[in-house]
Protein chains: 2
Amino acid sequence: MSNAGIKRERIVRSAKALFHERGYTVTSLADIAQEAKVPLGNVYYYFKTKEDLVATVVEGRNEYVRARHRALEKAPTPLARLEDFLQRIHDAADSRAAHGCPVGGLAQEAGKLGGRIAQEAGSTFQIMLEWVGEQYRALGFKPGQARERAVDLVAAVQGSILLGHSSGDAELIRRAMQRLQARLRLLVKEGKRHA
Amino acid sequence: MSNAGIKRERIVRSAKALFHERGYTVTSLADIAQEAKVPLGNVYYYFKTKEDLVATVVEGRNEYVRARHRALEKAPTPLARLEDFLQRIHDAADSRAAHGCPVGGLAQEAGKLGGRIAQEAGSTFQIMLEWVGEQYRALGFKPGQARERAVDLVAAVQGSILLGHSSGDAELIRRAMQRLQARLRLLVKEGKRHA
DNA sequence: GTCTATATATTGATAGAC
DNA sequence: GTCTATCAATATATAGAC
């Protein structure tokens, strides 16, 4: 157990990175083992199947997303929190243009693979939608309206990343995030009357 | 040459459907040949590589998208055209929730595969962005503003489909398209002042 | 716990008879 | 033009020595 966790962690970290950069289907367990500097056979000691590995990656990502949300809650107002949420995407635009969104990319791929992976990959979106919806409720929107706003905001982020990734244009992503931030400020300023 | 075109067409049609339903990487040429009721070896008579095949699929899709745009231009006003554009997604929500967007799904996958496929898959988005931008220009927006609006609209559509696909929720997509339509009507009604 | 060797299946692609 | 047979590479996964 001394450095056992270390190896397992290296495998998960490599899997997470390669699934993001190359995609789940395209990445082989041999690729992951090589990147983690671990023999291929060893991967199977920690994870019975490739699905088990991606499930662990998703769980880790969900934990990370929750932690990030807690960090965002340090901002004083719901508006500031949502602005910071978008700012994170803005600051990661280069990576997003190069490799897409790690959450969206896996969700897209998993949606087609179906079964258990699809369910798990989608869970990250649910966590995000819940948190963003909370912020809109804190802004005074009723639950149904807040959920709609959350869907629209997350969809705008995901769609912008997809367009930016598809064209390799990080600036497209940055500008889209700035417009979303401006729209949020307008929304609060005008007393929640407009889109 | 009598039924040669027929076979080629069957292969392309099957490839198009399977790439959409299962994804490009996951779909094997054997799957396509079986679906098209053609022996595997015959596929290679018409297409030297899998990349050649997907390139043909994308070209066909681009032609279809252009034809659809021409059809949309029968609507009397730019607003009606964009509303119809969104209505098409609305009406195809069940398929989109089940299999995602054929354009977005391939663009996402191709973005990571890189090279020639990425370029070609992204070309469909460029065609769409160009047409949507035209409509905004017809509504009185300057070129730069119109392009931004087009990016935001296409991104909203793509993100909504991704969220709907990820959760298998067609109603999410339908409602999102309705909100986008309503926002467009508001935009025109209020004299292009708001988001 | 760790690693080598390998089983088994499937892939994209080719050779060559018809 | 069409199709069968097959190659060579690669995938996930397992067996079993250490």
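Each chain gets a letter, A, B and so on, in the order its sequence line appears, and its residues count up from 1. This one's a predicted model, so the numbers in the text were calculated from it and none came from an experiment.
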When the distance from [atom1] of [X] to [atom2] of [N] is rounded to whole Å, what number comes out?
| X | N | atom1 | atom2 | value |
| --- | --- | --- | --- | --- |
| A:K50 | C:dT10 | NZ | C1' | 14 Å |
| B:L113 | C:dG12 | CG | P | 12 Å |
| B:I6 | D:dG1 | CD1 | P | 13 Å |
| B:K37 | D:dT2 | NZ | C1' | 18 Å |
| A:F47 | D:dA11 | CZ | P | 19 Å |
| A:E9 | C:dG1 | CD | P | 15 Å |
| B:L53 | C:dT11 | CG | C1' | 15 Å |
| B:R8 | D:dT2 | CZ | C1' | 16 Å |

Could you check whether [X] pairs with [Y] (Lys NZ or Arg NE/NH1/NH2 to Asp/Glu carboxylate O, under 4.0 Å)?
| X | Y | result |
| --- | --- | --- |
| A:D91 | A:R96 | no |
| A:R137 | A:E130 | yes |
| B:R70 | B:E73 | no |

> Going by distance alone, is a donor N or O of one side chain under 3.5 Å from an acceptor N or O of the other, for A:Q126 and B:S167?
Replying inline: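 There is no such pair between these side chains.
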> If you check the A:L40 side chain, which of D:dT4, C:dA13, D:dA13 turns out closest?
Replying inline: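 The nucleotide sitting nearest to the side chain is D:dA13.
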Hey, is the side chain of [X] poking within less than 4.0 Å of OP1 or OP2 on [N], counting only N and O atoms?
| X | N | value |
| --- | --- | --- |
| B:Y46 | D:dG1 | no |
| B:S28 | C:dT11 | yes |
| A:K7 | C:dC3 | yes |
| A:Y44 | C:dC3 | no |

> When you match A:L29 and B:N42 each to their closest nucleotide on DNA chain D, which lands nearer the 5' end?
Replying inline: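 Between the two, 5'-proximity favours B:N42.
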> With sugar-phosphate meaning primed atoms plus P, OP1 and OP2, does B:T25 contact a base, only sugar-phosphate, or nothing at under 4.0 Å between heavy atoms?
Replying inline: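 Touches nothing.
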> Are A:M128 and A:F85 close enough that some pair of their side-chain heavy atoms sits under 4.5 Å apart?
Replying inline: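 Yes, at least one pair of side-chain atoms sits under 4.5 Å.
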>> By nearest heavy atom, map A:Y45 and A:G41 onto DNA chain C; which one lands nearer the 5' end?
In response: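 Its nearest nucleotide lies further toward 5', so the answer is A:Y45.
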